Trainee: 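Shown below is the structure under consideration.
Scope of the values below: all heavy atoms of this structure, side chains included, with no hydrogens, waters or symmetry mates. Please read all numbers here as calculations on a predicted model, not as lab measurements.
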Amino acid sequence: MPETRHAPTPDAPTVVSVARGGTSTHPVELRTGTFLAPCAMRRPGRAQRVALTGVRASLCAGDEVELRVDVGPGAELELTDPNGTLAYNARGGRAAWRARLTLAEGARMTWHEPSFVVADGADVLREIDVVLAPGAELLWWETLVLGRAGERGGALRSLTRVERDGAELLVEDLDLRDSAERELPGITGRARVLGQVGLFGRVPADPRGPDRLDLAGPGTLWRAAARRTYLVDTELGPVWRAWGGHG
């Protein structure tokens, strides 16, 4: 099926759809949204790599970023966002960042998100919904950063839902809107960078450690928290590669 492209419209979602053809994966639809543009990249192997690039500055007050990803049966997608996201001071307003991922039977996807930074004064709702068919697998690396250098960071609520074969695999509501409460011991403490690598659809053998959390179904999380991004990356990098990530 030929690739189709669409010009952006106001408040339009960004759409990434790929399908398997023979032994490789190819784009079916790469639709530029209001805030993000998907760009197909060449890479050796069967997977299709797609990079997300910014169309305009975000997240500002009133922005509602929406990303939709559809990976067809047996297809393989590598999604990356080389620039990351910065939520600016909303000055009393709010912003939202939403993604919905649908992986068909036997599909595989890796998604590497660099820093999602919540600056002082920002107020952000972040929602990630994942639907996996039987045999599908998602490897996802995300990094949440509370504030730029010298900042405590604004308000963030992050909702994550992963469903596999009609059953809930992970449901999490991370409420970090109150800066005083989140800095209490047992929440974030002194850490301002929260990162995790999640593998959904398969339980890896290694590595193992105190920061690993095996889910009730086929899935595993590895989490790290620190005051600096490079410290989180240093811990999560080997896990990402061991579980099948590139780079």
Trainee: How many angstroms lie between atom CD of Glu113 and atom CD of Glu142, to the nearest 0.5 angstrom?
Mentor: 6.0 Å
Trainee: Between Arg98 and Glu66, does any side-chain N to carboxylate O distance fall below 4.0 Å?
Mentor: no
Trainee: Verify whether one side chain among Trp222 and Gln196 offers a donor that lies under 3.5 Å from an acceptor in the other.
Mentor: no
Trainee: Would Leu144 and Leu184 show up in the same hydrophobic cluster when neighbours are defined by side-chain heavy atoms closer than 4.5 Å?
Mentor: yes
Trainee: So which atom in Gly72 and which in Ala107 form the shortest heavy-atom distance, rounded to 0.1 Å?
Mentor: O-CB, 3.4 Å
Trainee: Starting at CZ of Arg223, measure out to CZ of Arg212 and round the result to the nearest 0.5 Å.
Mentor: 14.0 Å
Trainee: Do Arg152 and Glu183 sit within salt-bridge range, that is, some charged N less than 4.0 Å from a carboxylate O?
Mentor: yes
Trainee: Only one of Thr188, Val145, Leu231 passes side chain to side chain contact (heavy atoms under 4.5 Å, CB included) with Val193; say which it is.
Mentor: Val145
Trainee: Drop me the distance from Arg227's CZ to Arg192's CZ, to the nearest 0.5 angstrom.
Mentor: 7.5 Å
Trainee: Do Val130 and Leu213 sit in one hydrophobic cluster, given that two such residues count as connected whenever their side-chain heavy atoms are within less than 4.5 Å of each other, even indirectly?
Mentor: yes
Trainee: Side chain of Ser17, backbone of Val28: donor and acceptor closer than 3.5 Å?
Mentor: no
Trainee: Rounded to the nearest 0.5 Å, what separation is found between the CZ atom of Phe116 and the CG atom of Leu194?
Mentor: 12.5 Å
Trainee: Considering only heavy atoms from C-beta outward, does the side chain of Leu139 approach that of Trp111 to under 4.5 Å?
Mentor: no
Trainee: Considering only distance and modelled atom types, tabulate donor-acceptor pairs under 3.5 Å from the side chains of residues 75-97, sequence neighbours left out.
Mentor:
unit_1, atom_1, unit_2, atom_2, d
Glu76, OE2, Arg46, NE, 3.4
Glu76, OE2, Arg46, NH2, 2.9
Glu78, OE1, Arg43, NE, 3.4
Glu78, OE1, Arg49, NE, 3.2
Glu78, OE1, Arg49, NH2, 3.1
Glu78, OE2, Arg43, NE, 3.3
Glu78, OE2, Arg43, NH1, 3.4
Glu78, OE2, His246, NE2, 3.4
Asp81, OD1, Asn83, N, 3.3
Asp81, OD1, Gly84, N, 3.2
Asn89, OD1, Arg91, N, 2.8
Arg94, NE, Asp123, OD2, 3.3

Trainee: What are the two closest non-hydrogen atoms of Gly195 and Val232, and how far apart are they?
Mentor: CA-CG1, 3.8 Å
Trainee: Is the backbone of Ile187 close enough, under 3.5 Å, to the side chain of Arg182 for a donor and an acceptor to pair up by distance?
Mentor: no
Trainee: To the nearest 0.5 Å, what is the distance between CG (Leu170) and CG (Leu221)?
Mentor: 6.0 Å
Trainee: Look at the side chain of Trp243 and the backbone N and O of Asp206, then say whether any donor-acceptor pair between them is shorter than 3.5 Å.
Mentor: yes
Trainee: Between Leu174 and Val124, is there shared hydrophobic-cluster membership here, with clusters defined by ILVMFWY side-chain heavy atoms closer than 4.5 Å?
Mentor: yes
Trainee: Tell me the closest heavy-atom pair linking Arg108 and Gly244, and the distance in Å.
Mentor: NH2-O, 3.5 Å
Trainee: Indicate yes or no: at least one non-hydrogen side-chain atom of Leu36 is less than 4.5 angstrom from one of Val65.
Mentor: yes
Trainee: If you define the side chain from C-beta out and look only at heavy atoms, does anything of Phe200 sit under 4.5 Å from Leu169?
Mentor: yes
Trainee: Applying the side chain to side chain contact (heavy atoms under 4.5 Å, CB included) criterion to Val18, which one of Val71, Asp70, Val69 satisfies it?
Mentor: Val71
Trainee: Provide the closest heavy-atom pair for Arg20 versus Gly22 in the form atom of the first, atom of the second, distance.
Mentor: NE-O, 3.0 Å
Trainee: Report yes or no: do Asp214 and Thr220 form a side-chain donor-acceptor pair below 3.5 Å?
Mentor: yes
Trainee: Do any side-chain atoms of residues 50-64 form donor-acceptor pairs under 3.5 angstrom with protein atoms, and if so which ones, sequence neighbours left out?
Mentor:
unit_1, atom_1, unit_2, atom_2, d
Thr53, OG1, Ala37, O, 3.2
Asp63, OD2, Cys60, N, 2.7

Trainee: Does the side chain to side chain contact (heavy atoms under 4.5 Å, CB included) test come out yes or no for Leu176 and Arg157, once each step is laid out?
Mentor: CA-CA 6 Å; Leu176 301 176; Arg157 186 179 183 189; over 6 Å; no
Trainee: For Pro204 and Leu199, work out which heavy atoms get closest and say how close.
Mentor: CD-CD2, 3.6 Å
Trainee: Do Glu172 and Arg126 pass the salt bridge (Lys or Arg N to Asp or Glu O under 4.0 Å) test, and can you show the C-alpha distance, the side-chain angles, and the key distance before you say yes or no?
Mentor: CA-CA 12 Å; Glu172 182 175 60; Arg126 174 178 161 89; over 6 Å; no
Trainee: Would Leu67 and Leu125 show up in the same hydrophobic cluster when neighbours are defined by side-chain heavy atoms closer than 4.5 Å?
Mentor: no
Trainee: Is the shortest distance from a Lys or Arg side-chain nitrogen in Glu235 or Arg228 to a carboxylate oxygen in the other one below 4.0 Å?
Mentor: no
Trainee: Between CD of Glu151 and CG of Asp120, what distance do you get to the nearest 0.5 Å?
Mentor: 4.0 Å
Trainee: Can you give me the closest heavy-atom contact between Ala12 and Thr34, atom names plus distance?
Mentor: N-OG1, 2.6 Å
Trainee: Check residues 158-168 and write down every donor-acceptor pair under 3.5 Å in which the side-chain atom is one partner and the other belongs to a residue at least two apart or another chain.
Mentor:
unit_1, atom_1, unit_2, atom_2, d
Arg161, NE, Asp129, OD1, 2.6
Arg161, NH2, Asp129, OD1, 3.2
Arg161, NH2, Asp129, OD2, 3.0

Trainee: Is there a donor-acceptor contact under 3.5 Å from the side chain of Arg208 to the main chain of Ala205?
Mentor: yes
Trainee: Same cluster or not: are Val15 and Leu30 linked, directly or through other Ile, Leu, Val, Met, Phe, Trp or Tyr residues, by side-chain heavy atoms under 4.5 angstrom apart?
Mentor: no
